[in-house]
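Here is the structure we will look at.
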2 protein chains.
Amino acid sequence: MTEASGPGGPPSPQAGRPAPRVRLVDVAREAGLSKTTVSAALNDTGRLSPEVRERARETARRMGYRPNATARHLRAGRARLIGYVVGELADAPWTFLESPYFARLTGATAASALGRGYAMVLLPAGSLQSEWAALPLDAVVVADPVADDRIVEDLVAARIPVFSDRSVEGLPEAHWVDVDATAAVHRTLDHFAAQGARRPALVVPDSTTRFHREVFAAHHDWCAAHGLPELSVRAAEPGNGPVVRAVETALTAGPERPDALFVVAEASPPLLLEAARRHGYDVPGDLLLACVSEDETALHTQPPVTTLSLRPDAVAEAGIELLVAVLEHGQRETGGVLVPVRLDVRASSVRNPGTSGAAARSQSPNTSAPPT
Amino acid sequence: MTEASGPGGPPSPQAGRPAPRVRLVDVAREAGLSKTTVSAALNDTGRLSPEVRERARETARRMGYRPNATARHLRAGRARLIGYVVGELADAPWTFLESPYFARLTGATAASALGRGYAMVLLPAGSLQSEWAALPLDAVVVADPVADDRIVEDLVAARIPVFSDRSVEGLPEAHWVDVDATAAVHRTLDHFAAQGARRPALVVPDSTTRFHREVFAAHHDWCAAHGLPELSVRAAEPGNGPVVRAVETALTAGPERPDALFVVAEASPPLLLEAARRHGYDVPGDLLLACVSEDETALHTQPPVTTLSLRPDAVAEAGIELLVAVLEHGQRETGGVLVPVRLDVRASSVRNPGTSGAAARSQSPNTSAPPT
DNA sequence: GTGAAAGCGCTAACAA
DNA sequence: TTGTTAGCGCTTTCAC
């Protein structure tokens with residue numbers, strides 16, 4: 001129990017019924033002041049004598065006064081509430097949280113928002129007008145919209161500012177933050193090549209997300225530029241089942257076996273390792289393995305798995321910063337923000353087992369091993 | 001683009017600046033009616049002639065009118081907004097989303113709430129007064145509070161209704177929904193015993209969550225009642241690293257090796273399997289394995305891992321139902337709700353490999369294999 | 001069947 | 001330095 005419920009608390013503390021909430025006017029009357037004065041005292045505005053200010057505050061505290069946020073918001077013209085929705089996975093509207101990437105992006109967005117004074121409400125993937133129409137949203141963050149996403153269209157039509165990835169570039173009241181997918185692919189494939197891989201394969205879900213389309217294109221370009229065969233398999237959907245099946249196809253389908261595998265999908269790293277072994281591969285002996293993942297299980301396998309982090313925390317941070325700039329300072333001219341990825345090289349993609357430590361990490365400048 | 005931005009839309013559609021929002025009074029003026037009438041028409045209340053009702057609606061639609069939710073909420077006296085916070089893992093306030101259990105609980109709570117017209121805002125684990133004080137919360141859901149949780153105390157002091165687990169029983173304005181932890185432990189250990197296990201070991205995090213304490217106590221009781229040794233190891237924290245280490249301790253520490261292992265912590269099933277193998281166990285030959293998990297990777301390992309589901313969806317559903325009953329119908333007398341668990345028996349805990357299918361599943365009445 | 005007016009709780013002009 | 005008053009946008013008696 002805290003002070004608020006102590007003696008001198010709200011009227012009739014032990015009354016059984018709802019007990020009406022203390023309003024500003026109640027505090028004012030009790031303190032023998034006006035609403036204005038009490039309001040100014042609590043908000044630290046206006047010119048008040050120290051004694052009066054203190055008296056007002058003390059009375060408010062004693063009475064357990066808590067300002068009515070809704071009334072403040074009505075007055076202020078905005079509710080400091082933002083929506084968060086993902087475009088992908090609309091057929092199972094809440095599964096996105098089970099993906100380590102979206103889990104982190106979601107948490108980091110909520111955290112950044114709260115840090116700037118905005119609350120974040122969770123909306124189902126692919127959500128409909130009817131699900132958010134009644135909410136006083138100041139803006140909506142749309143993570144990974146699919147091509148021609150209805151959510152984005154509806155938000156624009158409702159004139160609610162949208163914060164999303166680069167696919168919304170050019171739309172009115174839409175702003176973007178994106179990850180550098182091309183750099184992600186190139187860096188990983190360069191790393192494979194540096195380790196001597198000649199037949200790197202790619203597994204990517206068959207989605208219309210900007211990220212996945214860019215990955216696919218970047219892979220194509222890289223293979224062409226390096227004169228290497230373009231080995232890729234598209235998983236029917238994200239999710240462990242389909243991705244593992246796609247991996248198995250990639251590992252067994254061709255006439256020659258691949259010597260490196262880059263999985264650009266949220267699949268459990270231990271599961272990928274197990275799948276490779278099931279098909280007779282030694283990692284990293286026969287197959288270099290890397291995957292795009294925020295899943296910390298990658299650290300706990302034998303060998304640990306190389307991952308490419310999409311930096312959800314940085315993306316969220318940049319997105320909320322942009323949001324606040326737009327909402328509060330009316331910023332309009334923004335080219336958007338591009339966040340760099342991070343390759344964490346681990347033993348699963350390093351040929352020479354003897355140098356898996358410091359030597360392997362020097363592979364990339366912004367590579368680092370998380371401090372477990 | 002939808003109709004709202006078509007011809008006849010809001011005033012000056014292509015004006016570069018903010019463009020003030022259409023209010024009820026604007027619609028009323030445009031339609032030559034009063035605010036009252038338009039409001040009644042849009043909310044389907046009052047006695048209006050069909051023509052007038054239609055005219056009001058049509059005008060509103062044409063002008064792209066969207067009611068101001070904040071004003072409605074102020075009028076209504078509540079914001080239809082609930083908070084969601086977890087008590088555990090307060091030292092890393094957002095990691096809870098990375099646990100499949102909390103990810104599902106969170107999503108399911110948001111979904112149920114939205115279905116009943118409430119938006120859910122995400123709060124950091126162990127959050128402070130200052131983080132939610134400015135939000136117009138009608139209630140807060142506190143998942144798995146730790147013993148004497150500050151959040152619960154603060155909410156009670158602020159007189160915000162709390163919905164949590166059974167540990168809040170008896171507090172004013174607090175209501176509970178819980179999972180039957182004792183049944184969970186007993187059912188799993190009974191299953192092990194039926195498979196011939198004589199030395200089942202338990203791994204559980206060292207937390208003060210009601211669930212974990214109840215699990216520990218239930219294990220103690222069960223072992224005593226069955227005259228079997230009480231083998232248990234407490235992981236320093238939840239999370240894959242500490243739990244895997246605790247598992248390794250459980251598998252190697254004693255003079256005799258355990259013949260079954262029940263992991264009551266969110267660890268990745270493939271990782272558990274790998275750990276067991278690393279220490280020379282064949283699963284299920286030498287060791288029956290089961291874990292409390294909502295992680296679908298359990299289905300994709302060889303052998304698939306037996307899991308005990310804490311039914312986060314059912315818990316969320318029951319919790320929101322209770323919340324709505326309390327908030328909207330003033331329900332006060334409630335004993336709380338106890339949700340049953342579900343044991344999904346799979347090959348990892350079945351001795352006879354030949355009967356891993358139907359025979360194994362008949363082990364428990366409400367067991368079922370998810371329809372992947 | 002329709003409209004005028006009060007008021008939800010707060011903040012900020014403007015007066016005193 | 002402090003108080004009076006208007007008004008944010010909406011719903012809802014209560015007259016007409």
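In what follows, every chain begins at residue 1, and chains take the letters A, B, ... in the order their sequences are listed.
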Does [X] reach the side chain of [Y], with side-chain heavy atoms less than 4.5 Å apart?
| X | Y | result |
| --- | --- | --- |
| B:R159 | A:R66 | no |
| B:E328 | B:R116 | no |
| B:D144 | B:F96 | no |

Does [X] make a side-chain N or O approach to OP1 or OP2 of [N] shorter than 4.0 Å?
| X | N | result |
| --- | --- | --- |
| B:N68 | D:dC8 | no |
| B:Y65 | D:dG9 | no |
| A:S34 | D:dT4 | no |

Interatomic distance, [X] [atom1] vs [N] [atom2] [rounded to whole Å]:
| X | N | atom1 | atom2 | result |
| --- | --- | --- | --- | --- |
| A:R66 | C:dC10 | CZ | C1' | 15 Å |
| B:L74 | D:dC10 | CG | C1' | 8 Å |
| B:M63 | D:dG9 | CE | P | 14 Å |
| A:H73 | D:dC8 | NE2 | P | 18 Å |
| B:R78 | C:dG9 | CZ | P | 14 Å |
| A:R29 | C:dC10 | CZ | P | 12 Å |
| B:D44 | C:dG1 | CG | P | 15 Å |
| A:R75 | D:dT5 | CZ | P | 17 Å |

Have a look at [X] and say if it touches a base, only the backbone sugar-phosphate, or nothing, with a 4.0 Å heavy-atom cut-off.
| X | answer |
| --- | --- |
| B:S49 | sugar-phosphate |
| B:R72 | sugar-phosphate |
| A:R23 | sugar-phosphate |

Practice task
Using heavy atoms to find the nearest nucleotide of DNA chain C for B:A71 and B:R47 separately, return the residue whose nucleotide is more 5′.
Solution key: B:R47
Exercise for the section: State whether the side chain of B:E131 and the backbone N or O of B:L128 hold a donor-acceptor pair below 3.5 Å, judged by distance alone. Expected result: yes
Problem - Flag, side chain of A:T70 to backbone of B:P136, donor-acceptor distance under 3.5 Å - result: no
Problem - Given DNA chain D, 5'-ward residue of the pair A:R53 and A:K35, judged by closest heavy atom - result: A:R53
Exercise for the section: Ignoring hydrogens and angles, answer whether the base of C:dA12 and the side-chain atoms of A:T36 contain a donor-acceptor pair closer than 3.5 Å. Expected result: yes
Practice task
Indicate, yes or no, whether a donor-acceptor pair under 3.5 Å links the base of D:dT12 to the side chain of B:S39.
Solution key: no
